[in-house]
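Every number for a ligand or one of its atoms is a count from 1 in the order of the listing. As the structure is a computational prediction, the values presented were derived from the model and not from experiment. Values below: all heavy atoms of this structure, side chains included; hydrogens, waters and symmetry mates excluded.
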Amino acid sequence: MAMKPTLAFHSRWVRMRTIGIGLLVTVASLAATTPEALGAVREISQTPLPGDCVPRFATALPVFGPAGSTPRVDAARHRDLTVTMAETDQAVLPQGRHDTCGLGVTFGKTRVWAYETSDTVSKQVLGPANWPAVTIDAKGGVPTRVTYANKLPSFDPSHPYGPGLVQDLVKVDQTVHWANPLGTPGAGHPMDCSASENANNPVCQRYTGPQPAVPHLHGAEISACYDGGPDAWFTPDGRKGPQYCSDGDPRPGTAVYTYQNSQEPGTLWFHDHTLGATRNNVYGGLAGFYLLRQPSEEPKGLPSGPYEIEMALQDRVFDTHSQLLTIPPSNPHYHPYWGVREFGDVATVNGAAWPYLDVQPRRYRFRLLNGANGRRFSLHFGGAPVYQIGADDAYFDRPVRVNDTACAGGASTTECSDVDFMPGERADIIVDFTKLAGKTITVTNDGSLDTSLPNIMQFRVGEQLNGPDSSCDPARPDRDRGICSRPTPVVRLAGPDGRPRVKVDKARQFVLNELNTSSTEPEGGNIEEYLNNTPYDGLESPGIRKEFPKDGISELPVVGSTELWQFINAEDPAQAYHPIHTHLVQFQIVSRQNIDYTKYEKAWSAGYPTSCKPSGVDFCPGFGPPNPYRIPNDDRAVGGNPAVSPFLDGAPQPPDPGETGWKDTVRSFPHEVLTVLVRFAPTGVPLHRSKPGRNLFPFDPTVGQYVWHCHVLGHEDNEMMRPYRVVNGRHHDHDWEERLRR
Ligand SMILES: [Cu+2]
């Protein structure tokens with residue numbers, strides 16, 4: 001949202017948000033007097049290495065499973081796993097001396113954070129510490145118990161290159177609302193760190209205390225206790241977030257989760273989710289695949305064994321010592337280490353820079369993950385036929401040819417690509433190299449307009465086949481025999497015309513917006529990203545707090561119900577995209593439709609009382625929506641926003657062919673309203689069985705809380721995330737009714 005900021009507005013905001021932490025100050029001041037907290041520790045000085053100095057296609061793609069040297073972790077055989085978060089050195093860049101940039105550069109190993117997986121009972125290491133984690137291969141119906149152990153070392157100023165180096169390099173920004181394990185006063189609130197009186201404030205320094213971490217299994221239908229949400233973090237020395245949860249009472253620095261693996265099969269991944277430090281922990285390397293297999297529910301005949309390879313696409317910046325470098329902040333005065341768009345200038349796949357993969361002239365299955373902090377990838381496979389068989393956690397009914405069909409995005413898309421995905425999304429594809437023997441294919445990318453990363457990796461197609469290709473032909477799926485085709489069709493919440501096939505129990509409209517005072521401040525002002533103009537803690541929003549005084553949680557869907565959620569992206573720049581992710585449930589995309597965003601914004605801001613508008617600002621940042629949340633608007637949608645339908649522009653666009661199944665993360669583009677149907681039931685439940693109030697999960701989702709958020713890690717780390725609770729439909733409106741009676 002465009003706005004004219006004033007400094008008066010800042011101080012008012014800081015005061016407003018500081019109320020409530022006063023009580024903590026006395027307790028926390030002890031911790032705050034340590035040298036670390038005072039920022040006395042020197043930082044390692046780094047010289048950025050231009051990405052162009054890293055030779056391309058000089059490193060083989062690291063591969064897990066039969067095609068590589070590291071087997072996947074077999075979670076059906078090893079049902080009790082220990083996953084340890086640790087620091088390790090890894091060959092990310094092509095090792096040794098290379099003549100690039102007009103001079104010789106010698107690359108060494110890169111210190112990263114990694115997950116190491118072992119068998120809890122035998123202690124056998126099944127997946128050595130690696131970025132990304134060695135893939136966990138789980139089997140439907142066979143639960144996996146995981147003990148997560150946080151052994152991330154803290155930076156040690158007397159041994160700066162010893163253990164803890166990564167913490168110094170990835171730099172947690174304490175001006176964003178974050179886990180703050182030491183209770184540093186004022187952390188999590190905007191502060192003008194360029195002002196001389198704040199120069200030594202610990203909030204303006206990077207964090208070097210015990211590192212909080214919490215792993216989230218992305219895409220899991222899971223009880224809240226094992227979800228690994230942002231407030232469930234824990235540190236190596238036993239500090240815990242307010243939503244920390246575990247089986248039993250494990251030793252400090254650990255949490256024990258049970259993954260029931262009861263859902264439909266697909267490509268899940270696990271990654272860190274610490275409040276306000278997800279971007280750091282994932283950038284450090286804490287992410288990995290979790291493949292859930294259930295042969296009876298999967299298409300038969302897909303390329304498998306050495307011809308099935310998972311690939312995590314990310315981007316990084318390195319320094320001249322081959323170490324990770326924090327992407328330079330966009331607004332250093334207010335956020336010394338945080339950036340609104342964090343783009344690296346080196347593409348990494350499975351933790352290797354610009355790798356290549358030798359393939360045979362046959363079909364391959366690639367499970368692609370966009371694991372980047374903020375970068376959207378729009379990929380082209382050099383003309384090789386590409387079929388998509390699934391997205392996120394779920395299979396499509398049958399493969400769809402996707403070459404040049406990923407076209408959503410309007411003004412932010414230069415051309416249609418083969419696979420277009422944003423952080424958090426997965427694409428399960430078959431690439432057919434059969435007719436490409438002897439060719440070299442470069443995977444190119446045009447997904448980010450202002451900071452491009454044009455190349456990703458290379459396929460080198462050999463001349464020889466190592467045995468015949470017996471995989472199914474994705475162009476000719478056999479539905480009756482389930483070959484290249486799902487044995488049971490996807491449960492469809494909407495018909496081909498986009499109309500819901502089920503009763504919609506509730507419609508919600510949310511505005512995605514941004515507080516940004518950069519326009520008048522050369523080094524960038526304060527930025528916060530909001531869902532529905534509400535910070536993560538809804539109690540900070542006067543509008544939300546009034547209606548939801550208990551915990552500020554405004555999304556209270558009834559278990560078993562189906563809701564229509566519309567995301568109104570009224571932001572302007574083409575890069576203001578937001579991949580929206582829901583925990584616990586998947587959803588189906590109905591449409592995207594252009595809106596007249598200037599007119600909508602005007603109607604929206606007019607709804608705010610002038611008393612809460614800072615001078616020169618056209619809305620009330622972080623206030624919550626302009627209207628009462630629970631009173632439906634003219635579109636019969638709750639959420640507290642003016643109805644969006646009068647501002648729709650042009651015809652609704654159906655989802656891209658590559659997003660026609662269940663999704664857990666969806667791309668929201670600027671100037672568009674995105675409509676999805678969310679059902680608070682497992683994906684496999686037939687339409688007629690799901691009813692409001694009926695819980696069909698094999699656990700009780702009304703216990704605890706989940707989140708929904710933007711999966712640009714910098715955005716979710718800076719307020720673009722909201723907790724939500726599933727309710728049983730009997731008491732959820734209790735508070736509200738009570739207020740009405742008064
Ligand atoms: Cu976002």
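The Cu ion (ligand 1) has no N, O or S atom of H711 closer than 2.8 Å.
Nearest N/O/S atom of H578 with respect to the Cu ion (ligand 1) is recorded as ND1. Considering just the N/O/S atoms of H715, the one nearest the Cu ion (ligand 1) carries the name ND1.
With salt bridges taken as basic N to acidic carboxylate O contacts below 4.0 Å, none links R279 and E716. In this structure, D618 does not pair ionically with K602, as no charged nitrogen and carboxylate oxygen lie closer than 4.0 Å.
For the residue pair T348 / R316, no side-chain donor-acceptor distance below 3.5 Å is found, with atom types taken as modelled. In the model, N532 has no side-chain atom that pairs as donor or acceptor with a side-chain atom of T534 under 3.5 Å.
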